[in-house]
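Convention: sequence-line order gives letters A, B, ...; per-chain numbering from 1.
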Amino acid sequence: MAKPLTIYNSLSRGKEVFEPLIPGKTGLYVCGPTVYSNAHLGHARPAVTFDLLYRYLLHLGYKVRYVRNITDVGHLEDEIEESGEDKIVKKARLEQLEPMEVVQKYLNTFHRNMAQLNTLPPCIEPRASAHIIEQQLLIKRILENGFAYEVNGSVYFDVEKYNTRYRYGILSGRNLEEMVANTRNLEGQEEKKNPFDFALWKKASPGHIMQWPSEWGMGFPGWHLECSAMSMKYLGEVFDIHGGGMDLQFPHHECEIAQSTAASGHSSVRYWMHNNMITINGQKMARSLGNFITLDELFSGNHPLLDSAYSPMTIRFFILQAHYRSTLDFSNEALQSAGKGLERLMKAAALLPKLTASATSTVDIGALEENCREAINDDLNSPILIAHLFDGVRIINQVSEGLASVSAEDLDKLKSIFHTWLFDILGLREENNPAGNSETIRQLVELTLKIRMDAKAKKDWTTSDYIRSELARIGISVKDKKEGCEWEMD
RNA sequence: GGUUCCUUGGCCGAGUGGUUAGGUAGCGGUCUGCAAAACCGCGUACGGCGGUUCGAUUCCGCCAGGAACCUCCA
């Protein structure tokens with residue numbers, strides 16, 4: 001009896017069997033990016049993590065609605081500042097662009113990067129700016145229920161009041177009393193009853209570009225509201241999975257819970273999932289820390305910290321080789337070894353169609369499939385899953401070298417395992433050099449190698465080695481086999 | 001200061017109260033004209049000090065070092 005999918009629920013701090021609210025269907029909401037600059041390595045982590053989850057849920061046969069928001073309204077950059085400018089507005093002035101032009105520019109890049117990483121697009125990608133009315137309606141519900149108050153054109157969430165009926169801090173394990181004791185008083189918060197109250201609607205200063213009319217005056221929605229409003233709209237007042245980075249657990253997700261609960265009277269998310277951070281020199285990679293490397297820089301190798309370029313699939317594999325709840329440390333050495341490992345995996349996969357079946361098997365394929373399933377069912381343990389696939393790699397290579405044999409049935413099974421787990425679920429794919437597909441180049445290389453084989457036949461090692469090293473110089477590696485040779489382009 | 005968490009072989013990174021993680025790098029071997037690839041073999045890692053236990057890397061305590069959150073953040 002196979003164990004079912006279990007996932008770690010941040011809310012209970014333990015693994016739980018995943019059972020959707022509605023049999024056969026499930027909803028997944030993931031916090032997307034704030035599009036005010038290029039996506040960096042850190043953004044790839046949740047994208048790949050929840051892509052893996054999405055792919056696996058689809059594989060299990062669920063009808064999945066996957067929602068990932070785009071924050072294009074911008075959160076307040078710094079409440080202490082009088083102007084209270086938001087990030088997107090600030091960037092817009094810097095670049096002399098319309099705010100929506102900035103949004104579109106970085107959104108386009110984000111989409112391209114996500115496609116390069118072979119992440120499946122979400123079913124719905126709602127934008128905060130397109131859901132101002134929904135956010136205002138949610139504020140009204142919270143006000144009607146008495147958990148918010150209006151001051152001078154802004155609306156704040158009343159955390160203390162909320163905490164009398166519900167509990168503020170259930171997700172992040174905080175309690176309000178401790179928070180009160182430890183909160184320092186920041187300036188510019190005179191409007192709030194308590195420093196930990198947060199804005200649902202913020203009055204716009206005169207120079208603020210992004211603002212909308214509301215019954216409280218011109219303003220813009222608070223930091224945390226869009227996710228509550230949009231998840232509710234597209235997934236319902238109760239839905240299965242909400243994902244995001246660990247750094248969003250507090251205050252963002254805590255506030256989301258409070259908002260949704262204050263409006264509807266009950267909690268909305270059944271399973272909270274949080275991916276850990278990517279670190280660099282032991283420290284979190286973050287835009288605000290200035291220690292980030294963008295995905296485009298990684299793909300091109302154009303960054304002082306990079307020894308070489310790393311392909312999108314190398315990045316994806318690098319991320320999948322660590323469990324999503326562990327920190328993952330960036331280094332050139334780690335990325336290079338990931339690239340090598342991936343190459344080995346993909347080469348074995350490419351060998352699969354060329355294998356011939358024997359009457360009997362000398363290897364055990366049966367356990368492999370079950371091992372893969374067991375690994376991923378255990379809170380998406382992709383590193384273990386990958387380790388099992390490397391068992392398959394050894395088998396494939398042994399069969400290819402005539403050191404082991406597989407029956408036709410086992411060979412089919414092996415093919416199906418790689419197809420399902422490597423390509424469909426881990427979402428890895430071949431990265432062909434486009435030039436390698438050119439028929440002209442193929443024929444030129446074949447011709448050159450034919451000349452080399454003639455030289456080899458005459459034991460003219462000088463010519464044969466010259467051709468091989470020159471081909472290597474232009475990126476074509478040649479491997480001699482017992483009969484003939486193989487070649488490939490980098 | 002508060003809350004939570006981490007410390008595994010050169011590097012990345014799983015996992016477990018007693019039995020091989022895996023990748024990569026390194027070493028030895030097979031194969032090969034050589035090289036590469038592949039295959040076979042190898043290293044006896046679990047921060048320190050105590051405790052529980054027949055037995056702890058795995059549980060508990062203390063110490064050291066590091067991280068995340070407490071402000072925007074994936």
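Under the stacking definition used here (centres under 5.5 Å, planes under 30°), the residue Trp461(A) qualifies as stacked on the base of G33(B).
Nearest nucleotide to the Asp480(A) side chain, out of G33(B), G2(B), U24(B): G33(B). Checking A36(B), C12(B), C11(B) against every side-chain atom of Lys479(A), the shortest atom distance belongs to A36(B). Side-chain proximity of Phe390(A) to the nucleotides A14(B), G23(B), G33(B) is greatest for G23(B). Listed candidates were G22(B), U24(B), C12(B). Nearest to the side chain of Ala387(A) is G22(B). Each of G33(B), C70(B), G13(B) was ranked by its minimum atom distance to the side chain of Arg174(A); first place goes to C70(B). Distances were taken from every side-chain heavy atom of Leu328(A) (C-beta onward) to each of A74(B), U24(B), G13(B); the shortest belongs to G13(B). For Ala322(A), counting side-chain heavy atoms from C-beta on, the closest listed nucleotide (A14(B), G33(B), C12(B)) is A14(B). The side chain of Arg13(A) approaches U4(B) more closely than any other nucleotide in the set U4(B), A35(B), A74(B). Residue Lys284(A) places its side chain closer to A68(B) than to any other of G33(B), C34(B), A68(B). For Asp465(A), counting side-chain heavy atoms from C-beta on, the closest listed nucleotide (C39(B), G33(B), A14(B)) is G33(B).
Comparing U57(B) with G51(B), their P atoms sit 14 Å apart, to the nearest whole Å. Between A25(B) and G10(B), the distance separating the two C1' atoms is 7 Å to the nearest Å. Using P as the reference atom, C27(B) and A37(B) are 13 Å apart when rounded to the nearest Å. Straight-line distance between the P atoms of C60(B) and U7(B): roughly 13 Å, to the nearest whole Å. Nucleotides G26(B) and C62(B) have their P atoms positioned 44 Å apart, rounded to a whole Å. Rounded to the nearest Å, the gap between the C1' atom of U16(B) and that of G22(B) is 15 Å. With P as the reference atom, C31(B) and C40(B) are 16 Å apart, rounded to whole Å. Across U52(B) and A56(B), the matching P atoms stand 11 Å from one another, rounded to whole Å.
Going from atom CD of Gln283(A) over to atom P of C73(B) covers 18 Å, rounded to whole Å. Taking atom CG on Leu335(A) and atom P on G13(B), their separation rounds to 11 Å, with Å as the unit. Look at CG on Leu53(A): it is 20 Å from P on A74(B), rounded to the nearest Å. In this structure, Asn291(A) atom CG and A68(B) atom C1' are separated by 13 Å, rounded to whole Å. One atom, OH of Tyr168(A), and another, C1' of C69(B), lie 12 Å apart when rounded to the nearest Å. If you take CG of Asn397(A) and C1' of C40(B), they are 13 Å apart, rounded to a whole angstrom. Look at CG on Asn381(A): it is 11 Å from C1' on G22(B), rounded to the nearest Å. Atom CD in Gln321(A) sits roughly 15 Å away from atom C1' in G15(B) (whole-Å rounding).
Each of Arg325(A) and Arg287(A) lies near RNA chain B, and the nucleotide nearest Arg325(A) is the one positioned closer to the 5' end. Along RNA chain B, the nucleotide closest to Tyr324(A) and the one closest to Ser288(A) are compared, and the more 5′ of them pairs with Tyr324(A).
Put simply, Gln249(A) has no side-chain N or O that comes within less than 4.0 Å of OP1 or OP2 on A74(B). Here Ser326(A) reaches the OP1 or OP2 of A14(B): one of its side-chain N or O atoms lies under 4.0 Å away. For A74(B), the OP1/OP2 oxygens have no side-chain nitrogen or oxygen of Asn275(A) closer than 4.0 Å.
When heavy atoms are screened at a 4.0 angstrom cut-off, Met246(A) is found touching no nucleic acid atom at all. Within the 4.0 angstrom heavy-atom criterion, base atoms lie near Asn276(A). Within the 4.0 angstrom heavy-atom criterion, no nucleotide atom of any strand lies near Ile386(A). Across all strands, Thr279(A) comes closer than 4.0 Å to no nucleic acid atom at all (heavy-atom distances). Using a 4.0 Å heavy-atom criterion, one finds that Val478(A) contacts the bases of the nucleic acid, with or without backbone contacts as well.
For the pair Phe330(A)/Ile293(A), a side-chain contact is recorded, criterion being any heavy-atom separation below 4.5 Å from C-beta on. At least one side-chain heavy atom of Ile376(A) sits less than 4.5 Å from a side-chain heavy atom of Leu52(A). Between Glu256(A) and Leu248(A), every side-chain heavy-atom pair lies at or beyond the 4.5 Å cut-off.
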Given the rule that a pair is Watson-Crick or G-U wobble with both distances under 3.5 Å, how would you write RNA chain B in dot-bracket, using | for pairs to a different strand?
-> (((((((..(((.....[...))).(((((.......)))))....(((((..]....))))))))))))....
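Remark: side-chain polar atoms of Arg316(A) are paired, donor with acceptor, to backbone N or O of Asn118(A) under 3.5 angstrom. Distance alone, capped at 3.5 Å, is enough to place a donor-acceptor pair between the Ser154(A) side chain and the Lys203(A) backbone. Thr362(A) places a side-chain N or O within donor-acceptor distance of the main-chain N or O of Ser405(A), the cut-off being under 3.5 Å. With hydrogens and angles ignored, the 3.5 Å screen pairs a side-chain donor or acceptor of Ser337(A) with a backbone N or O of Ala334(A).
In this model, no side-chain donor or acceptor of Asp329(A) finds a partner on the base of G13(B) within 3.5 Å. Between the side chain of Arg394(A) and the base of C40(B), no donor-acceptor pair under 3.5 Å is found. A donor N or O paired with an acceptor N or O is found under 3.5 Å between the base of A35(B) and the side-chain atoms of Arg468(A).
For the 3.5 Å distance criterion, the side chains of Asn194(A) and Tyr156(A) fail to qualify, holding no donor opposite an acceptor. A donor-acceptor contact under 3.5 angstrom links the side chains of Asp329(A) and Thr279(A), judged on distance only. If you check the side chains of Asn371(A) and Glu374(A), you find no donor sitting under 3.5 Å from an acceptor.
Using cut-offs of 30° and 60° on the angle between ring planes, the pair His242(A) and Tyr29(A) is tilted.
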